[in-house]
Amino acid sequence: MSKICVIGLGYIGLPTATMFATHGYNLVGVDINPKVVESLKQGKIHIELEHEMNELIQKAIKSKNFIIKSKPEDADVFIICVSTLLNEKEKKAELKYVISATESILSYIKKGNIIILESTSPPGTILNVVVPIIERVISIKDVYVAHCPERVIPGNMLKEFINNDRIIGGINKESSQKAKEIYESFVKGNIYLTDATTAEMVKLMENTYRDVNIALANEFAKICEDLNINVWEAIELANKHPRVNIHKPGPGVGGHCIPIVPWFIIEKSLNNANLIPFARHINTSMPNYIVKMLEEEIKHIKNPVITIFGVAFKSNIDDISETPAIPIIELLEKKNYQIKIYDPFVKKFKYNLSSLNDAVKDSDCILIVTDHDDFKSIEINKIGNLMRNKILVDTRNCVDYDKWKLNGFKVKVLGIPEKEKNKNE
Ligand code: SAJ
């Protein structure tokens, strides 16, 4: 049985290692963080993943086919799954973890090894960063090197690991082919082969497409409010066209990759990237727009208390990575509003979290930032009775606002102008 060593046991590395460990490989999972190693050794998962994935990870660790270590060791295949960060000041990729992870395997690389980078990286990282590091210890002709970017969506990882098509880009055809044979062990989707730099660009394009599309939706929301049109209805109808797929407007774009990776394209071609940075600007300015929208609704209230519903970066997960909730809260704090926060999923946050009842007690306004399903089934009457004023501002159009209105709430939804909202009343 071949042996795979996965470097980095985070949101992508841990599930990826598990997929291989449960599909015929001996797996060594490596993390430099001793706390992560310790807790995984005891079968405790240090990150919040979906239930099915948690079970599979625990099963793999129990089976002894997935060993957790703090250092790499000899293996047939090395898969690097570490974070690529954004240097916020320079708006450039910070590759320090990719570099240190590659350096960490140098003592173990031998002829015939397959080295795969899964981490999202700017075009040219494999050829100009990873390959020169490997060449310090071995001729590149003696190993296979490829990029295989991850594509799974948090919340539906297991299904997407198996069913999504994958892109693999090797430094040569043999490398692509060797990497493909590894992934075929569990991927049921198609595996398309290309060169390493194209594979890097493909991953960035996928996320950038989404960022630009969301920026367009956000711009449509503002325009529709101005023109007295319900943007949600307009988008739904436009999407009936067979070649149109407009995304949803919202308070901004969070997550591990989408708000970050467009910069990896921009940094590589500054003169040509115009739309991409502009879309970034539109999305990062949404918290400002939302705060203004909220202020319009509460301007008549003295010392208003605002309750934030949802701080996760998207629905039904506990992940707060790059969440637009933080810039919204920062803006509100700067303006000295009293804020309370409720999120049924998130357990750790830089601001205090309250229970539902405490969060709405004596509050004047609920601001929905994340579209958790729980908010759909909330007992509106009960929470309304606890509030001082009944105002709802929904940045996601995720609740039945007619029901809220029937329970005495004044409702404002992003992209729905006042006049339009009342047209059927
Ligand atoms: N969002 C909107 N409107 C939408 C869709 C999303 O405002 O119509 C917001 C979400 O609320 C969230 C952010 O965008 O704040 C990102 O959410 P997402 O669901 O678009 O994406 P992620 O970050 O969970 O996962 C994405 C996926 N990439 C694509 O769909 C192209 C996933 O497949 C990638 O593996 C992942 O990025 C990654 O790590 O690259």
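Below, all heavy atoms of this structure are taken into account, side chains as well, without hydrogens, waters or symmetry copies. Atoms within a ligand are numbered from 1 in the order they appear, just like the ligands themselves.
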Can you classify the ring geometry of F20 versus F186 as parallel (below 30°), tilted (30 to 60°) or perpendicular (above 60°)? perpendicular
Does CG in N352 sit with more than 12 non-hydrogen atoms of other residues, nucleotides or ligands closer than 6.0 Å? no
Distance under 6.0 Å and angle within 45° of ring axis: K3 vs Y25: no
Flag, side chain of H247 to backbone of N213, donor-acceptor distance under 3.5 Å: no
Check each N or O atom of ligand 1 against all protein N or O atoms and list the pairs under 3.5 Å, with atom names and distances to 0.1 Å, one per line.
residue: ligand 1; atom: 3 (N); partner: K248; partner atom: O; Å: 2.8
residue: ligand 1; atom: 8 (O); partner: K248; partner atom: N; Å: 2.7
residue: ligand 1; atom: 11 (O); partner: F313; partner atom: O; Å: 3.3
residue: ligand 1; atom: 11 (O); partner: R396; partner atom: NH1; Å: 2.8
residue: ligand 1; atom: 11 (O); partner: R396; partner atom: NH2; Å: 3.3
residue: ligand 1; atom: 15 (O); partner: G254; partner atom: N; Å: 2.9
residue: ligand 1; atom: 15 (O); partner: F313; partner atom: O; Å: 2.7
residue: ligand 1; atom: 19 (O); partner: K314; partner atom: NZ; Å: 2.9
residue: ligand 1; atom: 20 (O); partner: R210; partner atom: NE; Å: 2.5
residue: ligand 1; atom: 20 (O); partner: R210; partner atom: NH2; Å: 3.3
residue: ligand 1; atom: 24 (O); partner: K314; partner atom: NZ; Å: 2.7
residue: ligand 1; atom: 28 (N); partner: N207; partner atom: OD1; Å: 3.0
residue: ligand 1; atom: 33 (O); partner: R151; partner atom: O; Å: 2.6
residue: ligand 1; atom: 35 (O); partner: E150; partner atom: OE1; Å: 3.1
residue: ligand 1; atom: 35 (O); partner: R151; partner atom: O; Å: 3.3
residue: ligand 1; atom: 35 (O); partner: V152; partner atom: N; Å: 3.3
residue: ligand 1; atom: 35 (O); partner: V152; partner atom: O; Å: 2.7
residue: ligand 1; atom: 39 (O); partner: E150; partner atom: OE2; Å: 2.8
residue: ligand 1; atom: 40 (O); partner: K203; partner atom: NZ; Å: 2.5
residue: ligand 1; atom: 40 (O); partner: N207; partner atom: ND2; Å: 2.8

Between D364 (side chain) and V305 (backbone), is there a donor-acceptor pair under 3.5 Å? yes
Approximate separation, where rounding is to 0.5 Å, of H147 NE2 and T125 OG1: 8.0 Å
